[in-house]
Amino acid sequence: MASKNQHYVPRVYLKSWETSVRTKAEPHKRFSGVYTFDKSDLSVGEGRTRETILSTNHTYTIKFDNSFFFLKCPDIIEDFANSILSILNDRNEFAQYNGQTLLTDRDVVKNYSKIDEWDFFHSTDGSPASRRSTSNSMQSIRCYVLEDGFSKFIESKWEKVFNSFIAPAEQLSLNGRGSVDYLFNQNSVVEQIVEMFVIMALRNPEFDLMGIFPAISKLLLSVFDDQKYTNEMLRALWLSQIYKALFGEKNSYFYLAVKETIKRCGCILFKINNCEESTFITSDNPAFTFRSSVMATNKNGMYFPLSPRYLLFMGLNSTGAINNIIIRTINKEDIKKVNQIILNAATKSIISSQRYLGSIL
């Protein structure tokens with residue numbers, strides 16, 4: 001399968017950390033990018049462009065062999081159906097099942113689960129075609145519906161949502177350590193930023209559905225004793241949840257998480273007044289929940305670095321509505337504590353607008 005790089009942390013999100021950077025190998029050559037750090041070595045940042053980081057090969061691609069896990073995801077199956085019809089057309093063939101000729105994508109979708117029982121014929125004279133040869137051609141089909149869905153859901157909307165959410169903090173003057181309440185006239189802006197948080201957490205390959213995926217993995221292994229099959233099943237479960245989020249299905253983790261967050265949580269938007277002195281970092285796991293019995297006071301909750309200047313914190317037991325947010329400045333010591341929490345939640349990589357992290361960690 002040809003390589004296809006897919007970013008699990010959106011490039012448009014990382015744009016806020018973009019600055020003039022340099023590499024260790026060519027320290028005198030500057031370019032526009034971000035500084036990346038391996039979690040195990042925070043000594044000096046490596047300058048990289050946003051395009052070259054936080055991506056994996058075919059992160060959200062669905063292969064033909066795995067398409068049968070997605071029979072209840074109509075947009076995915078319809079995409080495979082169109083690809084099948086295209087292959088049959090290129091091969092000058094048609095398919096039949098139970099005597100019915102499958103001429104349209106609707107015909108293919110309807111009979112997709114029985115594809116192993118289809119018969120294939122040459123369009124020119126109606127003679128039987130090689131099932132093996134046609135099936136082998138179908139093996140090359142790849143579905144990119146999820147990647148396209150991300151482009152519509154996040155990549156095309158992030159900057160507008162981000163700018164609308166931080167606009168009050170940009171306009172308000174908070175000198176020193178100050179705090180003000182701000183009531184958004186409509187819930188939509190805050191709801192959109194909550195949706196961005198949940199989808200950013202969900203699209204991460206390390207997402208474990210609050211510990212449910214590891215439990216399912218253990219169960220599947222105990223039954224099938226097949227690690228490859230178990231991994232394929234878990235990946236299908238994960239991608240199915242992403243599909244439901246992107247296509248607005250209510251029986252999904254995304255819908256429930258957004259609904260409960262809006263219902264139960266309050267928002268604090270932390271603002272750094274002077275980014276020349278200190279900044280927020282982010283990571284390969286930018287939207288996460290932090291829980292600690294040791295640091296329970298004012299620290300447990302959901303963290304979402306929005307830029308080097310802004311960080312969204314959402315915590316339970318708020319007395320106000322979700323659209324009544326608190327905008328609060330934050331001092332250097334507390335910035336360090338928050339950055340440590342971000343660091344601990346990272347999987348492997350830290351992102352910063354600064355080459356050295358000593359002053360902010």
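These numbers come from a predicted model, not from an experiment.
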Count the heavy atoms belonging to other residues, nucleotides or ligands that lie under 6.0 Å from [atom1] of [X], then report whether that count exceeds 12.
{"X": "K39", "atom1": "NZ", "value": "yes"}
{"X": "K110", "atom1": "NZ", "value": "no"}
{"X": "K152", "atom1": "NZ", "value": "no"}
{"X": "D90", "atom1": "CG", "value": "yes"}

Please check: side-chain N/O of [X] versus main-chain N/O of [Y], any donor-acceptor pairing under 3.5 Å?
{"X": "D75", "Y": "L146", "result": "no"}
{"X": "N204", "Y": "A201", "result": "no"}
{"X": "T230", "Y": "D226", "result": "yes"}
{"X": "R309", "Y": "N273", "result": "yes"}
{"X": "T134", "Y": "R131", "result": "no"}
{"X": "D41", "Y": "F37", "result": "no"}
{"X": "R11", "Y": "E155", "result": "no"}
{"X": "S67", "Y": "F64", "result": "yes"}
{"X": "S140", "Y": "N136", "result": "no"}
{"X": "K114", "Y": "Y97", "result": "no"}

| request: Decide yes or no on side-chain contact (heavy atoms from CB on, under 4.5 Å) for S292 and K299, but give the supporting numbers first. | output: CA-CA 8 Å; S292 171; K299 296 291 190 294; over 6 Å; no
| Checking side chain to side chain donor-acceptor pair (under 3.5 Å) for the pair Q96/T101: CA distance, chi angles, key distance, verdict? | CA-CA 4 Å; Q96 282 190 352; T101 301; 3.1 Å; yes
Report yes if some heavy atom in the side chain of [X] is under 4.5 Å from a heavy atom in the side chain of [Y]; otherwise report no.
{"X": "L269", "Y": "L306", "answer": "yes"}
{"X": "S179", "Y": "I326", "answer": "yes"}
{"X": "V258", "Y": "T261", "answer": "no"}
{"X": "S359", "Y": "Q354", "answer": "yes"}
{"X": "M138", "Y": "I115", "answer": "yes"}

| request: Start with the C-alpha distance between F153 and F254, add both sets of side-chain angles, then the distance that settles ring-ring contact (aromatic ring centres under 6.0 Å, His included), and finish with yes or no. | output: CA-CA 13 Å; F153 194 103; F254 173 82; 5.8 Å; yes
| query | Are F304 and F165 an aromatic pair by the rule of ring centers under 6.0 Å? | reply | no
| Mind checking whether F94 and F120 have ring centres under 6.0 Å apart? | no
| Derivation and outcome, side chain to side chain donor-acceptor pair (under 3.5 Å), residues N285 and S283 | CA-CA 5 Å; N285 183 28; S283 78; 5.6 Å; no
Any idea how [X] and [Y] line up, ring-wise: parallel (<30°), tilted (30 to 60°), or perpendicular (>60°)?
{"X": "F213", "Y": "F207", "value": "perpendicular"}
{"X": "H58", "Y": "Y144", "value": "parallel"}
{"X": "W158", "Y": "F162", "value": "parallel"}

Specify the closest pair of heavy atoms between [X] and [Y], including all atoms of both residues, with the distance to one decimal.
{"X": "I342", "Y": "F288", "answer": "CA-CZ, 3.8 Å"}
{"X": "E260", "Y": "R264", "answer": "OE1-NE, 2.6 Å"}
{"X": "L85", "Y": "L102", "answer": "CD2-O, 4.0 Å"}
{"X": "E51", "Y": "H7", "answer": "O-NE2, 2.9 Å"}

| Knowing that exactly one of L357, T36, L361 qualifies, which makes a side-chain contact (heavy atoms from CB on, under 4.5 Å) with I350? | L357
| Derivation of the ring-ring contact (aromatic ring centres under 6.0 Å, His included) call for Y243 and F70 | CA-CA 9 Å; Y243 173 87; F70 300 91; 8.1 Å; no
Hey, could you give me the [atom1]/[atom2] distance between [X] and [Y], rounded to the nearest 0.5 Å?
{"X": "C267", "Y": "I327", "atom1": "SG", "atom2": "CD1", "result": "11.0 Å"}
{"X": "L103", "Y": "Q100", "atom1": "CG", "atom2": "CD", "result": "8.0 Å"}
{"X": "L312", "Y": "I325", "atom1": "CG", "atom2": "CD1", "result": "8.0 Å"}
{"X": "C143", "Y": "D79", "atom1": "SG", "atom2": "CG", "result": "4.0 Å"}
{"X": "I199", "Y": "Y253", "atom1": "CD1", "atom2": "OH", "result": "10.0 Å"}
{"X": "T23", "Y": "Y35", "atom1": "OG1", "atom2": "OH", "result": "9.0 Å"}

| request: Any chance you could lay out the ring-ring contact (aromatic ring centres under 6.0 Å, His included) test for W238 and Y60, step after step, and finish with the verdict? | output: CA-CA 10 Å; W238 170 53; Y60 310 107; 5.8 Å; yes
Have [X] and [Y] got a donor and an acceptor in their side chains that come within less than 3.5 Å?
{"X": "N89", "Y": "S86", "result": "no"}
{"X": "N5", "Y": "S55", "result": "yes"}
{"X": "T282", "Y": "Y13", "result": "yes"}

| Does the pair V108 and W118 meet the rule for a side-chain contact (heavy atoms from CB on, under 4.5 Å), with working shown? | CA-CA 10 Å; V108 174; W118 291 5; 3.5 Å; yes
Check for me, please, whether [X] and [Y] land in the same ILVMFWY cluster - side-chain distances under 4.5 Å, paths through other members count.
{"X": "I268", "Y": "L183", "value": "no"}
{"X": "V44", "Y": "V21", "value": "no"}
{"X": "I242", "Y": "L256", "value": "no"}
{"X": "V12", "Y": "L14", "value": "yes"}
{"X": "I322", "Y": "Y255", "value": "no"}

| task | Please step through side-chain contact (heavy atoms from CB on, under 4.5 Å) for the pair F270 and D334, ending with a clear verdict. | result | CA-CA 10 Å; F270 286 107; D334 284 338; over 6 Å; no
| request: Before accepting this row, confirm whether a basic side-chain N of the pair K332/E277 lies closer than 4.0 Å to the acidic partner's carboxylate O. | output: no
| query | Ion pair present between R22 and E26, side-chain N to carboxylate O less than 4.0 angstrom? | reply | no
| task | List the steps and the verdict of salt bridge (charged side-chain N to carboxylate O under 4.0 Å, His left out) for K337 and E333. | result | CA-CA 6 Å; K337 292 176 183 177; E333 290 306 310; over 6 Å; no
| said: Please evaluate residues L239 and I76 with respect to the criterion side-chain contact (heavy atoms from CB on, under 4.5 Å), reporting the C-alpha separation (whole Å), side-chain torsions for both, the decisive distance (0.1 Å), and the verdict. | reply: CA-CA 11 Å; L239 295 181; I76 291 175; over 6 Å; no
